[in-house]
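Both counts, for ligands and for their atoms, begin at 1 and track the order of listing. All values below were derived from every heavy atom in this structure, side-chain atoms included, with hydrogens, water molecules and symmetry-related copies excluded.
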Amino acid sequence: MKQIRILLADITKIKVDAIVNAANTSLLGGGGVDGAIHRAAGPELLKECTALGGCETGQAKITKGYNLPASYVIHTPGPVWRGGSRNEEALLEGSYLNSLKLAEEYGCKTVAFPSISTGIYHFPLDKASTIALRTIDGFLQNSSIIEVVTVACFDEHTKQAYEQAAQSLNMHVPVEITD
Ligand code: ADP
């Protein structure tokens with residue numbers, strides 16, 4: 001059965017087919033969740049990323065997971081928030097959509113996302129959580145491959161925003177909120 005899970009977690013510890021990395025366009029690592037994923041995966045991840053030649057904002061590229069419990073890492077640079085008039089919302093939707101498409105192409109049944117762009121990139125959390133859940137819900141409804149999508153919230157404040165967004169949206173896929 002299909003499901004969306006919202007939980008408080010470190011994404012580097014989750015055993016799913018693919019975790020998504022909120023990367024930057026160089027794909028060469030950075031701070032926040034990107035740094036944590038590279039540290040946990042080990043140096044082989046950077047080696048593979050170096051060969052990818054970067055990635056445009058809102059697009060996605062895939063690598064193996066190396067020392068992570070996840071088999072794959074899908075790297076997507078979310079948009080930097082610049083006030084909302086630079087196509088940020090559509091680009092964030094693109095990050096979720098293109099990551100899910102890539103996961104499907106690789107036969108992933110379970111995928112975990114961090115809260116893309118709401119850290120160093122300063123995308124407003126209420127808007128970002130709505131875009132994330134609406135896009136995941138829409139995709140999951142029409143997917144015959146992906147079964148469970150987890151949103152790994154790193155702090156309580158982020159988790160609350162996703163819970164609130166799930167309540168405000170008319171979600172089609174059942175949402176499970178785990179403490
Ligand atoms: P961005 O540059 O896209 O804003 P950040 O990594 O700065 O990316 O932040 C995105 C979100 O990921 C933030 O909510 C941040 O707290 C969270 N985060 C940081 N480390 C982890 C982790 N290990 N697992 C899950 N989420 C994390």
Step-by-step salt bridge (Lys or Arg N to Asp or Glu O under 4.0 Å) determination, D34 to R39: CA-CA 9 Å; D34 195 1; R39 276 192 300 279; over 6 Å; no
Tell me, which protein residue and heavy-atom name are nearest [atom], and how many Å apart are they?
atom	value
atom 11 (C) of ligand 1	S115 O, 3.3 Å
atom 8 (O) of ligand 1	A22 CB, 3.9 Å
atom 17 (C) of ligand 1	F154 CB, 3.8 Å
atom 3 (O) of ligand 1	S117 N, 2.9 Å
atom 4 (O) of ligand 1	G119 N, 2.9 Å
atom 6 (O) of ligand 1	V33 N, 2.8 Å
atom 7 (O) of ligand 1	I120 N, 2.8 Å

Salt bridge (Lys or Arg N to Asp or Glu O under 4.0 Å) partners for D10, two or more places apart: K13
Co-members of L28 in a cluster of I, L, V, M, F, W and Y side chains, linked at under 4.5 Å: L46
Under 3.5 Å: N/O of I11 near N/O of ligand 1: yes
Any N/O pair T12/ligand 1 closer than 3.5 Å: no
Proximal atoms of ligand 1 relative to D10 (non-hydrogen, under 4.0 Å): 22 (C), 23 (N), 24 (N)
Atoms in ligand 1 flagged as close to A36, the criterion being non-hydrogen separation under 4.0 Å: 23 (N)
Salt bridge (Lys or Arg N to Asp or Glu O under 4.0 Å) between E105 and K101, worked out: CA-CA 6 Å; E105 265 173 54; K101 282 184 188 162; over 6 Å; no
Flag for E104-S143: side-chain donor and acceptor within less than 3.5 Å: yes
C153, portion touching ligand 1 at heavy-atom distance under 4.0 Å: neither
Sole candidate of D17, I146, I19 that passes side chain to side chain contact (heavy atoms under 4.5 Å, CB included) when paired with T110: D17
Check: L7 and I177 side chains under 4.5 Å, non-hydrogen atoms: no
pair T150-F113: side-chain heavy atoms closer than 4.5 Å: no
